[in-house]
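Quick caveat: nothing in here was measured; it's all calculated off a predicted structure. Proteins get letters first, then strands, A, B, ... in listed order; numbering begins at 1 in each.
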There are 2 protein chains.
Amino acid sequence: MPYSKKHKAETRQTILKSASRLFSAKGFDQVSIDDLMQHANLTRGAFYSHFKNKQSVYSEAITEGVRKSRMTQRKPDSLTDQEWIEELVNAYLSQEHVKHEVPACPLAFMVTDIANKETEVKTTYTKIYKQLNYAIKKLSKDHSECDEQDILAVTAMMIGGVAIGRALNDPDTTEKLLSSCRDKALELLNK
Amino acid sequence: MPYSKKHKAETRQTILKSASRLFSAKGFDQVSIDDLMQHANLTRGAFYSHFKNKQSVYSEAITEGVRKSRMTQRKPDSLTDQEWIEELVNAYLSQEHVKHEVPACPLAFMVTDIANKETEVKTTYTKIYKQLNYAIKKLSKDHSECDEQDILAVTAMMIGGVAIGRALNDPDTTEKLLSSCRDKALELLNK
DNA sequence: GTCTATAGAAAGATAGAC
DNA sequence: GTCTATCTTTCTATAGAC
């Protein structure tokens with residue numbers, strides 16, 4: 001057997017990693033299977049040994065993107081829940097995130113792209129969206145009075161703030177937007 | 001002259017109308033020039049008498065979309081500023097808007113699509129984004145203490161709420177999201 | 001499993017007739 | 001101004017050699 005199972009799994013993972021980065025950056029249609037494979041130092045033809053088609057790698061890339069993003073990292077023991085949540089919100093609504101200098105959150109980077117896709121993809125989006133809200137809820141419950149409505153508003157502000165920031169052409173406006181969302185989000189979360 | 005100037009202007013407007021609807025619904029790449037022209041009962045070849053290329057009609061479609069959307073309508077004299085702003089926020093964060101049963105706001109429907117485009121398109125987006133914030137500021141100044149930060153947070157919530165709502169697969173979650181954003185947005189605007 | 005080659009389809013843009 | 005025809009490119013997906 002010239003190729004081990006381990007090798008196959010690693011190749012698959014490499015493709016998925018490129019996929020999550022490229023689809024976030026450029027959207028479904030602007031990324032070709034050739035692009036994905038070139039980033040993995042492979043050629044087009046090899047793609048179909050790993051994924052059924054383009055849509056299926058896109059769907060998996062969403063999950064992969066969340067796995068790598070800051071939001072799903074474990075809280076360091078040195079921080080309180082409140083400190084950690086503050087750090088997460090600030091990192092989310094940051095220039096680095098908007099400029100994609102850190103792993104992108106698919107919830108913000110892919111939101112419009114996903115709206116036009118099939119059930120499978122939207123179901124994945126819905127799932128990770130609920131996870132984000134649940135994670136914040138859990139981190140807030142001990143030190144805050146905020147309820148589910150507050151949290152839904154906060155995540156809309158976070159996702160919206162980052163998505164809008166990416167579409168703007170004016171760095172000053174982006175910075176004002178991000179800082180406003182940071183302040184108002186933390187205000188809602190710390191009440 | 002077999003075709004009048006008026007006829008040309010009308011044809012152009014018809015194309016633009018299809019463009020604003022289709023690009024909002026499906027995104028840049030999923031709409032072909034053929035699609036646009038078929039909706040105007042014309043064929044591909046005629047397109048280039050009206051627009052330079054696909055990108056330029058996309059750019060104009062953003063402006064056209066805003067022109068038709070609720071947000072730019074004039075306030076009826078029978079309503080106070082406060083009543084009108086409440087109506088606008090509620091209409092924006094509504095199921096009808098998310099489902100595109102009323103003209104779509106490009107700020108929400110095209111946000112990710114635009115992030116990956118060239119300067120011209122992003123400049124247009126930035127302009128209408130600022131217009132939205134300015135319009136709300138003007139409507140708020142007489143009855144509310146809210147500042148620019150509040151307004152930026154509110155519009156992020158509005159745009160984010162609608163964009164996320166479109167990507168979700170679960171009507172209950174969408175409804176909870178929309179109603180939470182409505183409540184929190186109006187809370188910020190009425191303080 | 002990965003490669004090259006290619007089939008087949010779609011779409012942007014142009015040319016020339018009317 | 002609008003039509004049909006066409007050039008050209010790009011891309012998904014498959015076939016077959018290694």
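A perpendicular orientation is assigned to the rings of Tyr58(A) and Phe28(A), their planes being inclined by more than 60° (bins at 30° and 60°).
At least one side-chain heavy atom of Tyr129(A) sits under 4.5 Å from a side-chain heavy atom of Ile159(A). Taking the side chain as every heavy atom from C-beta outward, Lys68(B) and Ser20(B) approach each other to under 4.5 Å.
The side chain of Leu42(B) approaches dC3(D) more closely than any other nucleotide in the set dC3(D), dT6(D), dT2(C). Comparing dT2(C), dT2(D), dT12(D) by their closest approach to the side chain of Ala46(A) singles out dT2(C). Which of dG1(D), dC3(C), dT12(D) sits closest to the side chain of Ser32(A) comes down to dT12(D).
Listed by chain and number, the residues in a ring-ring contact (aromatic ring centres under 6.0 Å, His included) with Tyr92(A) are His97(A) (sequence neighbours excluded). Here Thr43(A) pairs with nothing under the side-chain contact (heavy atoms from CB on, under 4.5 Å) rule; sequence neighbours left out.
Of all the residues in residues 48-57 of chain B, Tyr48(B), Asn53(B), Lys54(B) reach under 4.0 Å from DNA chain C with at least one non-hydrogen atom.
Thr123(B) and Asn169(A) are linked by a side-chain donor-acceptor pair at a separation below 3.5 angstrom, with hydrogens and angles left out of the test.
If you take CD of Gln38(A) and P of dC11(D), they are 10 Å apart, rounded to a whole angstrom. We find that CG of Asp29(B) is positioned 15 Å from C1' of dT12(D), with the value rounded to whole Å. Atoms NZ (Lys6(A)) and P (dG1(C)) sit 16 Å apart, rounded to a whole Å. If you measure from atom CZ of Phe47(B) to atom P of dA11(C), you get 14 Å, rounded to the nearest angstrom. Regarding Met37(A), its CE atom lies at a distance of 13 Å from the P atom of dA13(D), rounded to whole Å. Distance CG (Asp34(A)) to P (dA5(C)): 14 Å, rounded to an integer number of Å. Spacing between atom CG of Leu36(A) and atom C1' of dT2(C) amounts to 16 Å, rounded to whole angstrom units. In this structure, Gln30(B) places its CD atom 19 Å from P of dT10(D), rounding to the nearest Å.
With hydrogens and angles ignored, the 3.5 Å screen pairs no side-chain donor or acceptor of Asn116(A) with any backbone N or O of Asp113(A).
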